[in-house]
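Each residue takes its place number in the sequence, starting with 1. Side-chain atoms are counted along with the backbone in the values below, which use heavy atoms only and exclude waters and symmetry mates.
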Amino acid sequence: ILSEPFTRWSLCGTLLVTTGAVLIAIFGAIPSPAHDLDELIILLSRKPFIVWMTLQALFVVGLGTAIDLVNNMSSISHNSRFRLARGIIYGVISGDVSAHALLFAKSAVELCIKTIGGSNQFSHWQSWAIVLCLVLLALLQLYYLHRGLKLVSTSILYPLVFCVYNIIAILDGLIYFNQVSLIPPLHAGLIA
C-alpha cells in the first residue's frame, strides 16, 4: 500500500512488533472498575503520578527543544544521519505523548460510563479539563508523528512509535491507577 519494499528486515520487524503486542495483550492488561470524577481527581493528584507526568513533560519538552535548536543552529540539518535521528526523536515524542493521550482517553471514557449510568460527571469543569487534555495531547502526538514521517520511513517510524507508546502507556496505567503492586515481576519482564 505504501509502495515500500518488504524485506527480510521488514519481516523480522513485523514479527517482533506482533510478538510484543501479543505479550502486552496477555500480560499487560489489569482490569479496574470505572472511576467517577472524584476518584479520578484523587488519582491525578497522587504524588507518584505528578512526579511521573512532570518528568515526562520535561523529557518531551527538553527533547523537542534540543532537536529543534540543533536543527536550526547547525549546518548538519541536511545530513542524512541527522535527518534520521531527528525523525526518530520526533517518533519517540509522538509515541510518548500518544500514550498520555490514551490515559486521558481512558479517564474520559470512565466519566462517560458513569454519566450513562445516571451520575452526570460532566457538570464539573474538571471533567471538561480531562477532555481538553485528551484533545491537546492527541493533536500534539499527531503533529510530532507528521514531523517524523516527513523525515523517516514508515517501516522504521511506526514500530518505534508503537514500542514507545506501549511502554509508556503501561507505565502510565500502572502509576496512574496505583497498580504497580498488581503486576507480577515475571509479567513485567515479559512485557519489557
Side-chain angles (χ1 to χ4, degrees), residues 17 20-66 89-146 148 160-192:
V17 167
V22 169
L23 287 172
I24 288 169
I26 293 170
F27 300 110
I30 299 173
S32 67
H35 300 86
D36 63 18
L37 180 61
D38 292 334
E39 293 168 332
L40 291 176
I41 290 173
I42 290 169
L43 292 172
L44 285 167
S45 61
R46 289 181 46 255
K47 185 177 179 180
F49 180 73
I50 292 171
V51 169
W52 168 249
M53 290 305 280
T54 301
L55 290 173
Q56 290 295 297
L58 290 172
F59 173 74
V60 166
V61 169
L63 200 56
T65 302
I89 288 172
Y90 291 148
V92 168
I93 292 171
S94 175
D96 190 283
V97 173
S98 179
H100 301 314
L102 174 69
L103 183 68
F104 281 91
K106 286 179 181 178
S107 297
V109 166
E110 289 190 2
L111 293 173
C112 288
I113 289 170
K114 288 290 187 179
T115 299
I116 291 169
S119 175
N120 185 7
Q121 301 296 302
F122 290 95
S123 60
H124 307 282
W125 69 268
Q126 295 95 332
S127 297
W128 293 105
I130 289 171
V131 172
L132 179 63
C133 285
L134 162 63
V135 170
L136 292 175
L137 289 169
L139 291 173
L140 186 63
Q141 75 91 18
L142 286 174
Y143 171 75
Y144 277 105
L145 182 63
H146 173 71
L160 172 72
V161 170
F162 182 72
C163 180
V164 171
Y165 160 80
N166 277 304
I167 292 168
I168 300 300
I170 289 168
L171 291 172
D172 271 357
L174 292 174
I175 294 167
Y176 179 60
F177 293 111
N178 197 20
Q179 296 175 331
V180 175
S181 62
L182 298 179
I183 189 163
L186 174 64
H187 291 185
L190 288 170
I191 293 167

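Residues Phe177 and Leu103 have side chains in contact (heavy-atom distance under 4.5 Å, counting atoms from C-beta outward). By the 4.5 Å heavy-atom criterion applied to side chains, Asp96 and Tyr144 are not counted as neighbours. For the pair Tyr143/Val97, no side-chain contact is recorded, criterion being any heavy-atom separation below 4.5 Å from C-beta on. Counting heavy atoms from C-beta outward, His100 and Met53 have side chains that approach closer than 4.5 Å. Within the 4.5 Å cutoff, no side-chain heavy atoms of Leu102 are placed close to those of Asp172. Using a 4.5 Å heavy-atom threshold, the side chains of Leu134 and Ile130 count as separate. For the pair Leu132/Trp125, no side-chain contact is recorded, criterion being any heavy-atom separation below 4.5 Å from C-beta on.
The CG atom of Asn120 sits 10.0 Å away from the CG atom of Leu111 when rounded to the nearest 0.5 Å. In this structure, the separation between OH on Tyr176 and CG on Leu40 is 4.0 Å, given to the nearest 0.5 Å. Once rounded to the nearest 0.5 Å, the distance linking CZ of Phe49 with OG1 of Thr54 reads 9.5 Å. Between atom CD1 of residue Ile175 and atom CG of residue Leu43 there is a gap of 12.5 Å, rounded to the nearest 0.5 Å.
Closest of all the heavy-atom pairs between Val131 and Ala108 is CG2-CB, 4.3 Å. In terms of heavy-atom proximity, Gln141 sits nearest to Ser94 at O-OG, 3.0 Å. Smallest separation of non-hydrogen atoms from Ala138 and Ala101: N-CB, 4.0 Å. The two atoms that bring Leu44 and Ile50 nearest to each other are O-CG1, 3.6 Å, heavy atoms only. What you find for Ser127 and Phe122 is that their closest heavy atoms are CB-CD2, 3.7 Å.
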**Message:** Pair Phe59, Ile168 - check side chain to side chain contact (heavy atoms under 4.5 Å, CB included), show working.
**Reply:** CA-CA 12 Å; Phe59 173 74; Ile168 300 300; over 6 Å; no
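Between the Thr115 side chain and the Gln121 main chain, a donor and an acceptor come within less than 3.5 Å of each other.
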